[in-house]
**Student:** 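Let me begin by handing over the structure; questions about it come next.
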Amino acid sequence: MILSTDITKVKGVGPKTALQLQSANINTVEDMLNFLPRRYDDFSDVVAIEDIKAGKATIKAKCESITTKQVRRGLKITTATLVDDSGRLQAVWFNQPYRATQLKPDEDFLFSGDFEFKYNKYQLTNPSSEKVSDAPIQTDRMLPVYRHIKGLKSQTTRKILNELKPLMTMLPETLPGELIKREGLISRGDAMLGLHFPKTASDIESGRERFAFEELFQLLLASQYNRQANSQLEGWVIPFQQESVKKFVASLPFNLTNSQRLAAWEVLQDFERQTPMNRLLQGDVGAGKTVVAGLAMEQASRAGMQSALMAPTEILASQHAETLRKLLGPFGITVGLLTGSVKTQARKEILSQLATGGVDVVVGTHALIQDTIEFHKLGFVVIDEQHRFGVKQRQQLLDKSTKMPHLLAMTATPIPRSLALTVYGELDVSVLRDMPKGRKPIETHLWSPNSRTQLYDRIDQQIELGRQVYVVCSLIDDNPDNDTRSVEAEYKRLSGSVFKHRRIGLLHGRLKPDEKTEIMTRFLSGELDILVSTTVVEVGVDVPNATVMMIENADQFGLSQLHQLRGRVGRSEHQSYCYLVMTDSKRPSQRLREIEKSGDGFYLAEVDLRLRGPGEIYGKAQHGALNLQIATLADTKLIARAQSAARRFVESGLDLIQYKQLADQVHYYQRLTTLN
Ligand code: ADP
Ligand code: MG
């Protein structure tokens, strides 16, 4: 029997079982081995009922009696009396009526769950149960629990794996021996055995460590190789023209911050190299990324090269076009706009100008990556809010040049370092750490929905002073089923009563693109006092005169999203305010309390990563595909270890070809994450 052996050849796998396994994508012996336990029940510590203490506990007992009651709609409570030689106790399950048939009297079961004080007495809540005679082993160990496969008893899963035990111990090693030794990892075989048949908790731990390390090592090795591959590409050389940079900087209505200077310098250094730039520009909302890109575009255009900026929304694209026209127009640089709503004639015109070089800079949305678009000489690509785009979309834009253009990816979502390493490992990073001078920190307040009137008073005072206001809701239309506010309803309510005397606009994603642009333009020019909007204003929108951000149902937003929204205000010398109105007047969540306390996007990103995990935050489109099975991106220590190991591997000149399985995985990750 080898890894590729068909699962049907394994003893105990009949046609029916095989079908069930196949439904869970288990077709070979290898698939079966990689079907790792979801969790473990700790039966290593069986206690007598009379010795039980509050907390996680496991007992070996019989079920003396069991009843199920329908308490109310959607809630069935099953209560059992469990008994061993030392005493009896009560166990309770919610919505698990099948327990009554499963727990046959006179049979010994292991129950494992939380022993806690609830509803005035001690009880074992929602314990898992395992028939003692079914447990494949003595009771003194950790019992693996597998993802449920429809129709298949977990007992059968364990039996099949038991058949494969000899194979596990002989699993071929995938990592270089020297690496394993240095990192103090256990062998692949021991890890597999330890995860499927742990004797102690530490078997599980070292098994996980081994596989997690392997995953991260492969991922990080892939980005090292991508980096190497990138350094061998030939790109456009854009010379650093000091005089014109000076003129550009002098033309700005403000002084650049130190970190803007540094970032610009790093970009211009990259421009001068033969190898194409591959750089991520990170900066909190309002840090001033656009001007850094603008400065680099000026240099590109001096060198006869076109630049393209791709933004995730039409609003943002047209605002960028506006900004860049102001920045670059005085230097004779032409800026075009290409979005879905640029229609026939205008579109034809810009397309032909792009192809002939009649336009130097183009700003657009996804519209930029269509096949029909050709550039004369595309030398520099900027992607704004880059996490909104997939790898493929960036790639499509880069492909529009005969040589690889320089790439500057910008993001306002501060990325914790561990994540930057794994997910953007092949990028160089510039960070805008300091904010432009004169910005006052935004005052943030959590607000109870019961005190809305007082809040509206405060807001009205701001409008009286000539300032403008955002009101953000998560929904477009009302949903009668819950108390989440919608922009449609809020717009009607506010313009019909509280703010009758003010000018109010409504913005959401279902409006036509030109309607959206029109509303935004009116808000920007000060024709509107209040903009009631969905999160379409989240990304990048810049209206310096707006000083109030009021967010309804704030508890329903993610931390990074709230921080992004808050960043729409505080963009001028005026004091700004962010009001987070909660759905109810219960105690606010930790998330909300964190954002009330801190205005530091990097700190909040770390908190968010801890509270929600990377998938939620950084989007499934890009990172879901990484599909890390065991490692988590929050494990910063292991990531750092794997990173130096990967670097050492590349530097040592070891040939990947020697390690076939490793090479396959690395190539897979390389294709997945590469920007080239
Ligand atoms: P973001 O990094 O969020 O994209 P923007 O590029 O939109 O930030 O800049 C936010 C605002 O700050 C803009 O109005 C811009 O003109 C202004 N700004 C940028 N750099 C500076 C600076 N060094 N000093 C003062 N204002 C600046
Ligand atoms: Mg921006």
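Order of appearance sets the numbers: ligands from 1, and atoms from 1 within every ligand.
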**Student:** For the 3.5 Å polar cut-off, considering only N or O atoms, please tell me whether K437 and ligand 1 meet it.
**Tutor:** no
**Student:** What are the atoms of ligand 1, with element, lying closer than 4.0 Å to any heavy atom of T290?
**Tutor:**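 Counting atoms of ligand 1 from 1, those under 4.0 Å from T290 are 4 (O), 5 (P), 6 (O), 7 (O).
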**Student:** Tell me whether ligand 1 is touched by A287 - counting only heavy atoms on the residue side and a distance under 4.0 Å.
**Tutor:**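 Yes.
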**Student:** For K403, does the NZ atom sit with more than 12 other heavy atoms under 6.0 Å from it, leaving out its own atoms?
**Tutor:**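 Buried by this count: over 12 neighbours within 6.0 Å.
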**Student:** Could you tell me, atom by atom, which parts of ligand 1 come under 4.0 Å of a heavy atom of N255?
**Tutor:**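 So the answer, numbered in order with elements, is 22 (C), 23 (N), 24 (N).
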**Student:** How far apart are the closest heavy atoms of S533 and V536, and which atoms are they?
**Tutor:** OG-CG2, 3.7 Å
**Student:** Any idea how H445 and Y579 line up, ring-wise: parallel (<30°), tilted (30 to 60°), or perpendicular (>60°)?
**Tutor:**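 Geometry flag for Y579 against H445: parallel rings.
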**Student:** Nearest to atom 14 (O) of ligand 1 by heavy atom, T411, D384, V543, D542: which?
**Tutor:**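 It is D542 whose heavy atom sits nearest to atom 14 (O) of ligand 1.
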**Student:** Under 4.0 Å from any heavy atom of L256, which atoms of ligand 1 are there?
**Tutor:**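 Answer, ordered by atom number: 23 (N).
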**Student:** Are T517 and M520 side-chain neighbours, meaning at least one heavy-atom pair lies under 4.5 Å?
**Tutor:** no
**Student:** Tell me whether G286 has any N or O atom under 3.5 angstrom from an N or O of ligand 1.
**Tutor:** yes
**Student:** Could you list the atoms of ligand 1 found under 4.0 angstrom from a heavy atom of R571?
**Tutor:** 3 (O), 7 (O), 10 (C)
**Student:** So, do R458 and W447 sit near enough that their side-chain heavy atoms are less than 4.5 Å apart?
**Tutor:** yes
**Student:** Show the atoms of ligand 1 that are less than 4.0 angstrom away from any heavy atom in G288.
**Tutor:** 1 (P), 2 (O), 5 (P), 6 (O), 8 (O), 9 (O), 19 (C)
**Student:** R325 side chain to V335 main-chain N or O, any donor-acceptor pair under 3.5 Å?
**Tutor:** yes
**Student:** For Y456 and F499, take the angle between the two ring planes, folded into 0 to 90°, and tell me which bin it lands in: parallel under 30, tilted 30 to 60, perpendicular over 60.
**Tutor:**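 Ring orientation, 0 to 90° scale: perpendicular.
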**Student:** When only distance counts, is G283 in polar contact with ligand 1, meaning an N/O pair under 3.5 Å?
**Tutor:**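 There is no such contact.
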**Student:** T444 and side-chain hydrogen bond (donor to acceptor under 3.5 Å, both in side chains): which partner among H563, K597, R566, E596?
**Tutor:**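 Among H563, K597, R566, E596, the one meeting side-chain hydrogen bond (donor to acceptor under 3.5 Å, both in side chains) with T444 is R566.
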**Student:** Of the listed options (H320, E385, Q319, K289), which comes nearest to atom 2 (O) of ligand 1 when hydrogens are ignored and any heavy atom counts?
**Tutor:** K289
**Student:** For ligand 1, which atoms sit closer than 4.0 Å to a heavy atom of T257?
**Tutor:** 23 (N)
